[in-house]
Amino acid sequence: METKKEQLEEKPLLNFIEAKIEEDLKLGKNNGIVYTRFPPEPNGYLHIGHAKSICLNFGIAKKYHGKTNIRFDDTNPVKEDVEYVDSIKEDVKWLGFDWAGEYYASDYFDQLYLWAEQLIKEGKAYVDDSSQEEISKNRGVPTSPGIESPYRNRSVEENLTLFRKMKAGEFADGQCVLRAKIDMASPNMHMRDPIMYRILHAHHHRTGNKWCIYPMYDYAHGQSDSIEGITHSICTLEFEVHRPLYDWFCEALHIHHPQQIEFARLNINYTVMSKRKLLQLVKENYVSGWDDPRMPTICGLRRRGYTPESIRNFAETIGVAKRENVIDISLLEFCVREDLNKRALRTMAVLDPVKLIIDNYPDNQTEMMDAVNNPEDISAGTRKVPFGKELWIERADFMENPPKNFFRMTIGKEVRLKYAYIVQCTSVDKDEQGNITAIHCQYLPETKSGMAESNRKVKGTIHWVSAAHCKEAEVRLFDRLFAVPDPDNVEEGHTFLENLNPDSLKIQTAYIEPNFLDTKPLTKYQFERIGYFCIDKDSTTDKLVFNRTVALKDSWAKGK
RNA sequence: UGACCAAUGGUGUAAUGGUAGCACUACAGUUUUUGGUACUGUCUGUCUAGGUUCGAAUCCUGGUUGGUCAACCA
């Protein structure tokens with residue numbers, strides 16, 4: 001452990017973005033300042049892919065003693081909503097990050113408009129009356145040049161008049177647009193006179209009805225970065241072809257020019273990451289909502305029982321690079337187990353119960369057994385667990401005709417009831433169909449935990465709850481949402497929905513220890529030998545509801 | 001038949017001209033009152049063909065493969 005840490009400190013491993021930043025720092029760029037931003041569009045909930053970006057942007061700023069803004073890219077009023085800005089802020093905070101400034105692209109609409117007039121005056125932008133179809137057609141295709149618009153060479157005065165009329169609301173939606181005059185023959189489609197402003201008579205969640213023209217992403221994003229003094233504008237790979245345009249606007253306007261750096265977005269197998277598809281899962285009720293614990297959204301993971309630390313550690317572990325990647329879901333699961341192992345209090349719960357009767361144990365006797373709350377953290381203390389003649393144990397912890405490597409309960413062999421006694425199984429009761437209805441055993445009184453005889457070597461230890469004292473709880477057992485590693489990979493005429501896992505949710509009634517339960521939603525437990533669970537928000541005083549975050553590793557189940 | 005980007009074990013990610021390392025996964029073992037945790041070990045890798053060099057995963061050229069770009073979306 002110590003040596004690992006030392007190695008990391010001696011030789012810090014930089015991702016390619018950090019390497020670039022250190023180079024800039026060495027060169028004295030930006031006066032030694034590092035300023036990043038996280039720029040979501042408020043049109044959906046944040047998912048684990050955004051978490052990667054958030055951890056990257058905030059992490060880098062922290063590492064180089066800089067700052068990070070949150071900026072909502074709200075240039076398209078038809079798609080955006082305050083519901084989303086609220087959830088986004090909540091999720092970023094929950095992940096553990098504080099932004100230096102909270103801004104909106106719409107804060108800059110006035111400045112953007114002024115800059116547009118400036119570009120018109122310099123002959124670098126023009127109003128185009130072409131229809132959407134014409135513009136699209138004349139743009140050409142990547143392999144052959146486009147055709148210049150017939151309106152491309154209007155006079156500055158005419159363009160200015162027209163643009164002001166656009167702003168004044170004298171035109172209908174779609175009647176004309178403002179375009180940058182760049183190069184219709186560029187091999188980069190984004191440089192073929194990109195649209196700067198379109199007419200949208202729509203109500204904006206922040207600017208209300210002040211505007212009926214709205215800037216496009218390419219015209220707004222770089223300048224917003226510039227206004228905020230961002231030094232490194234980190235975005236995903238698909239914006240790589242936009243970079244020449246990002247640079248063009250900053251140069252044409254002679255404003256502070258942040259450096260755009262692109263990295264590969266996160267993909268995880270057995271799930272989907274596109275906002276559109278996540279929205280569809282919610283809208284068409286394939287899941288219960290954005291925070292359904294099976295969703296890869298931040299709020300879904302939170303409800304599932306993931307901790308901010310585990311997600312941050314995941315983001316750190318997957319690294320940052322430019323190549324397309326698909327992360328194995330087992331890495332995410334590893335990260336949450338690693339974290340929960342250290343902090344989750346243990347309790348015993350039986351999910352698939354069968355009655356165990358200790359025939360030689362006194363009727364109506366109850367003993368309080370000492371149990372350790374967290375073996376990884378002695379300061380978590382101990383608790384008392386009631387024990388009696390009749391217990392519930394897991395059906396899978398008994399086998400009548402076991403294979404050689406079965407360590408649990410079987411007739412004639414000894415097994416330890418955790419924190420209690422060693423018992424020896426004697427017989428089973430069965431119904432007419434041959435199903436086991438109860439298991440009988442004898443306990444060895446001198447093997448109670450803590451007594452000398454309890455140190456005896458026993459191959460297996462199983463968990464239990466007292467039938468007379470236990471509580472009932474609903475447990476929701478989640479599995480991966482999709483049945484195949486790459487749900488998006490579907491044949492013509494099929495959709496990703498067909499790859500949904502029909503068994504992604506199983507609901508069971510469990511019997512659980514009565515003591516020490518904190519029933520506040522999101523409280524995390526390890527059900528011993530089963531997995532990590534947390535209290536769901538649906539939980540009430542009458543009815544406990546647990547979500548399974550992730551099962552414990554089970555090398556026994558694997559070997560079968 | 002364009003431009004841009006990328007290619008390192010099963011999955012990710014380092015090595016910045018000098019011994020291909022780390023994590024996850026898988027498998028094997030030690031410890032264990034959780035078949036968990038912890039610890040130890042094993043398997044598996046530089047897309048390809050040339051070139052530069054004493055030396056190439058790294059630099060150059062060609063090829064191959066994958067990704068992105070033709071919304072008045074971001």
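Naming: A, B, ... by sequence-line order, numbering from 1 per chain.
Minimum atom distance to the side chain of A/Pro187 is reached by B/A3, of the listed B/A3, B/C72, B/C69. Of the candidates B/C72, B/C73, B/G2, the closest approach to any side-chain atom of A/Glu41 belongs to B/C73. Set against B/G35, B/A26, B/A70, the side chain of A/Lys558 has B/A26 as its closest nucleotide. Distances from the side chain of A/Ile135 to the nucleotides B/G36, B/C72, B/U13 place B/C72 closest. Picking from B/G35, B/G12, B/A74 the nucleotide with the shortest atom distance to the side chain of A/Ile318 gives B/G12. Among B/G12, B/C27, B/C72, the nucleotide with an atom closest to any side-chain atom of A/Ile327 is B/G12. For A/Lys457, counting side-chain heavy atoms from C-beta on, the closest listed nucleotide (B/A14, B/G35, B/U32) is B/U32. Candidate nucleotides B/U11, B/C5, B/C69 were compared by shortest atom distance to the side chain of A/Glu240, and B/C5 ranks first. Closest to the side chain of A/Ile195, out of B/G12, B/A74, B/C72, is B/C72. When distances are taken from the side chain of A/Ala321 to each of B/A74, B/C27, B/U13, the shortest belongs to B/U13.
Within the nucleic acid shown, A/Thr236 has no heavy atom closer than 4.0 Å to any nucleic acid atom. Backbone-only contact: A/Met216 has heavy atoms under 4.0 Å from sugar-phosphate atoms and none from a base. Using a 4.0 Å heavy-atom cutoff across all strands shown, A/His221 reaches no nucleic acid atom at all. Counting non-hydrogen atoms under 4.0 angstrom, A/Thr75 reaches the backbone sugars and phosphates but no base. Counting any heavy atom pair closer than 4.0 Å across all strands shown, A/Leu552 reaches a base atom. Note on A/Pro39: nothing from the nucleic acid sits closer than 4.0 angstrom, heavy atoms only. Within 4.0 Å of A/Phe239, counting heavy atoms only, lies at least one base atom of the nucleic acid. At a threshold of 4.0 angstrom between heavy atoms, the contacts of A/Ser136 are confined to the sugar-phosphate backbone, with no base atom among them. A/Lys418 comes within 4.0 angstrom of a base, heavy atoms only. At a threshold of 4.0 angstrom between heavy atoms, the contacts of A/Val78 with the nucleic acid are absent. Residue-level contact check: A/Arg408 touches the bases, meaning some heavy atom is under 4.0 Å from a base atom. Among the protein residues, A/Ser555 comes within range of the sugar-phosphate backbone only, with heavy atoms under 4.0 Å from sugar or phosphate atoms but none that close to a base. Among the heavy atoms of the strands, none lies under 4.0 Å from A/Tyr532. Residue contacts for A/Val458: at a heavy-atom cut-off of 4.0 Å it reaches no nucleic acid atom on any strand shown.
For B/A7, neither phosphate oxygen OP1 nor OP2 lies less than 4.0 angstrom from any side-chain nitrogen or oxygen of A/Lys322. Between A/Arg198 and B/C73, a side-chain N or O to OP1/OP2 separation shorter than 4.0 Å is present. Residue A/Arg416 has no polar side-chain atom (N or O) positioned under 4.0 Å from OP1 or OP2 of B/G35. OP1 or OP2 of B/G35 sits under 4.0 Å from a side-chain N or O of A/Arg529. A sub-4.0 Å separation between OP1 or OP2 of B/A3 and a side-chain N or O of A/Thr143 is absent. Using a 4.0 Å cut-off, no side-chain N or O of A/Thr317 falls inside it from OP1 or OP2 of B/U13.
A/Asn76 and A/Glu41 share no donor-acceptor pair across their side chains, judged by distance under 3.5 Å alone.
An anti orientation is assigned to B/A70, its glycosidic angle lying beyond 90° of 0.
Judged by the 6.0 Å and 45° rule, A/Lys322 forms no cation-pi pair with A/Phe263. Stacking of A/Arg154 on the aromatic ring of A/Tyr126 is not recorded, the 6.0 Å distance cut-off and the 45° axial limit not both being met.
The closest donor-acceptor contact from the side chain of A/Tyr219 to the backbone of A/Ala116 lies under 3.5 Å. Side chain of A/Ser87 to backbone of A/Tyr84: a donor-acceptor contact under 3.5 angstrom is found.
Enclosure of atom CD in A/Glu22 by more than 12 non-hydrogen atoms of other residues, nucleotides or ligands within 6.0 angstrom is indicated.
For B/A23, the paired nucleotide is B/U11, the pair qualifying as Watson-Crick or G-U wobble because both relevant distances are below 3.5 Å. Pair assignment for B/A6 gives B/U65, based on Watson-Crick or G-U wobble hydrogen-bonding distances that are each under 3.5 Å. When Watson-Crick and G-U wobble pairs are counted only if both distances are under 3.5 Å, B/G18 pairs with B/C54.
The only option from A/Lys275, A/Glu83, A/Glu80, A/Lys79 that meets the side chain to side chain donor-acceptor pair (under 3.5 Å) definition with A/Asn43 turns out to be A/Lys275.
Nucleotides B/G41 and B/U31 place their C1' atoms 15 Å apart, quoted to the nearest Å.
Close placement of the A/Phe533 and A/Phe527 rings is indicated, their centers lying within 6.0 Å of each other.
Between A/Tyr217 and B/A74, no base-stacking contact is recorded for ring centres under 5.5 Å apart and planes less than 30° from parallel.
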